[in-house]
J.: 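Structure in structure tokens, see below.
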Amino acid sequence: MAEDEREKLERTQQKPPWLHAFAPLSDLDPISRAALSALQEMKFAKGKRLFAPGAHSSGFVLLLSGRIRVGLTAENGRRLVLYRVVPGETCIQTTLCLLGGLDYTAEGVAESELRLVIVPPALFQRLLRESPTFARFVFERFGARLSEMTRLIETIAFLRVDARLAAALIARAGERGAVVATHQELAEDIGAAREVVSRQLALFQRGGLVRLGRGRVAIANRRALVDFACVI
């Protein structure tokens with residue numbers, strides 16, 4: 001085998017550095033791996049609008065670092081966060097657009113600096129046809145995200161505002177014990193008006209569940225918040 005042919009084969013069999021972030025793609029066949037290896041990492045600044053309603057998809061996003069917020073804005077200006085995309089996850093809006101030839105119906109915004117790789121539509125379709133590993137990766141994540149969307153609908157339809165807000169506070173606080181977010185951001189998380197969230201936070205504070213600060217909510221009684229979050 002000629003030296004240049006050997007080097008070409010070795011490059012085909014190697015994984016691009018960014019592919020290590022996606023363990024389910026570790027079993028890609030050499031041809032699919034080579035196609036992805038040719039793609040370059042891209043960077044976007046915090047606040048960058050990645051897509052908007054009515055726009056065409058530029059490709060399938062593989063997020064390496066950062067966080068993307070996907071949401072809807074009503075005619076009256078009210079906003080609802082549908083989901084957030086973090087490394088290892090995929091965007092159901094983008095997948096729907098690519099699978100069905102549809103336009104976006106929601107908006108995607110970078111909540112932090114992003115590093116990502118975009119798989120062009122033609123390559124995405126080819127990999128779906130020719131790579132069982134890639135197809136399984138896409139549809140498993142599509143199913144998981146669809147399940148999340150179903151839970152979101154159930155939450156908005158059946159949970160009271162206090163329960164939804166309590167759950168959002170617990171989720172955002174994590175182990176830190178505090179939430180760094182405005183009342184407007186919390187309202188967008190749970191699909192409620194900012195005024196409603198402000199009133200409910202005031203009630204939580206009056207009951208000793210939280211302590212309010214400027215752009216910050218400290219969790220004072222996590223157990224009580226959990227109890228609220230479980231009320232249907």
Side-chain angles (χ1 to χ4, degrees), residues 21-25 42 44-74 77-100 102-119 124 136-161 163-174 176 179-194 196-197 217 229 232:
F22 296 90
L25 298 179
M42 304 175 69
F44 293 97
K46 179 180 179 180
K48 171 70 175 178
R49 196 185 199 196
L50 303 174
F51 55 82
H56 298 295
S57 174
S58 60
F60 186 70
V61 173
L62 296 172
L63 185 61
L64 305 179
S65 66
R67 187 172 63 178
I68 300 169
R69 181 183 72 247
V70 179
L72 299 173
T73 301
R78 286 267 298 276
R79 294 182 178 181
L80 171 65
V81 176
L82 297 175
Y83 55 88
R84 289 177 169 86
V85 183
V86 297
E89 297 178 346
T90 59
C91 174
I92 191 173
Q93 274 273 312
T94 298
T95 306
L96 281 171
C97 289
L98 292 170
L99 291 177
L102 306 172
D103 293 336
Y104 282 107
T105 57
E107 178 186 55
V109 178
E111 283 197 322
S112 65
E113 291 186 353
L114 305 178
R115 287 175 49 244
L116 54 82
V117 171
I118 297 179
V119 182
F124 174 81
R136 185 167 56 252
F137 170 79
V138 170
F139 288 112
E140 283 181 352
R141 277 150 183 74
F142 182 84
R145 186 65 78 185
L146 194 58
S147 178
E148 288 181 16
M149 295 295 296
T150 301
R151 287 198 297 272
L152 174 65
I153 294 170
E154 291 174 346
T155 296
I156 294 175
F158 302 122
L159 283 185
R160 302 191 318 238
V161 169
R164 284 148 51 194
L165 181 57
L169 291 172
I170 293 168
R172 274 186 174 261
R176 296 174 299 176
V179 175
V180 179
T182 65
H183 293 192
Q184 179 61 42
E185 289 169 337
L186 290 170
E188 292 173 9
D189 277 359
I190 67 171
R194 181 189 59 77
V196 173
V197 167
V217 181
I232 298 180

J.: Going through the checks in order, is the side-chain contact (heavy atoms from CB on, under 4.5 Å) test met by Tyr83 and Leu152?
T.: CA-CA 9 Å; Tyr83 55 88; Leu152 174 65; over 6 Å; no
J.: Measure up the Phe51 and Tyr104 rings against each other and bin them: parallel (under 30°), tilted (30 to 60°), perpendicular (over 60°).
T.: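 Because their plane-to-plane angle is under 30°, the rings of Phe51 and Tyr104 count as parallel.
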J.: Looking only at non-hydrogen atoms, find the nearest pair between Gly191 and Arg164 and report the distance.
T.: O-NH2, 3.4 Å
J.: At their closest point, which heavy atom of Ile190 faces which heavy atom of Ile156, and how far apart are they?
T.: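 Closest approach of Ile190 to Ile156: O-CG1, 4.3 Å.
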J.: Once you round to the nearest 0.5 Å, how far does CD of Gln184 lie from CZ of Arg194?
T.: 7.0 Å
J.: Roughly how far apart are Thr94 OG1 and Phe124 CZ, rounded to 0.5 Å?
T.: 9.5 Å
J.: Does a side-chain heavy-atom distance below 4.5 Å link Pro87 with Leu63?
T.: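 Yes. Closest side-chain heavy atoms under 4.5 Å.
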J.: Using 0.5 Å steps for rounding, measure from the CD atom of Glu188 to the OG1 atom of Thr182.
T.: 7.0 Å
J.: Please name the pair of heavy atoms, one in Phe142 and one in Thr95, separated by the smallest distance, quoted to 0.1 Å.
T.: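 In this case the closest contact between Phe142 and Thr95 is CD1-CG2, 3.5 Å.
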J.: Might you work through the side-chain contact (heavy atoms from CB on, under 4.5 Å) test for Ile68 and Glu111, ending with a clear yes or no?
T.: CA-CA 5 Å; Ile68 300 169; Glu111 283 197 322; over 6 Å; no
J.: CD/Gln93 to CZ/Arg145 distance, rounded to the nearest 0.5 angstrom?
T.: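 With rounding to 0.5 Å, CD (Gln93) is 11.0 Å from CZ (Arg145).
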J.: To the nearest 0.5 Å, how far apart are SG in Cys91 and CG in Leu62?
T.: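 Reported value, rounded in 0.5 Å steps: 12.0 Å.
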J.: Any side-chain heavy atom of Val217 within less than 4.5 Å of one from Arg172?
T.: no
J.: Measure the spacing between CZ of Arg78 and OG1 of Thr73 and express it to the nearest 0.5 Å.
T.: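 Here the interatomic distance stands at 11.5 Å.
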J.: So Phe60 and Thr90, do their side chains get closer than 4.5 Å, heavy atoms only?
T.: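 A side-chain contact under 4.5 Å exists here.
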J.: I need the minimum non-hydrogen distance between Ala106 and Leu82, along with the two atoms involved.
T.: CB-CD1, 4.1 Å
J.: Looking only at non-hydrogen atoms, find the nearest pair between Arg67 and Arg84 and report the distance.
T.: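 Taking every non-hydrogen atom into account, CD-CD, 3.8 Å.
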J.: Counting neighbours of CD on Glu148 that are heavy atoms of other residues, nucleotides or ligands and sit closer than 6.0 Å, is the number greater than 12?
T.: yes
J.: Looking at Arg69, Arg79, Arg49, which one forms a salt bridge (Lys or Arg N to Asp or Glu O under 4.0 Å) with Glu107?
T.: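 Of the listed residues Arg69, Arg79, Arg49, the salt bridge (Lys or Arg N to Asp or Glu O under 4.0 Å) partner of Glu107 is Arg49.
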J.: Of Leu114, Val61, Val70, Val109, which meets side-chain contact (heavy atoms from CB on, under 4.5 Å) against Leu50?
T.: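 Among the candidates, only Leu114 passes.
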J.: Verify, without hydrogens or angle tests, whether Thr155 (side chain) and Arg151 (backbone) share a donor-acceptor contact under 3.5 angstrom.
T.: yes
J.: Which heavy-atom pair separates Ala229 from Ala166 by the least distance, and what is that distance?
T.: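 The pair with the smallest heavy-atom distance is N-CB, 3.8 Å.
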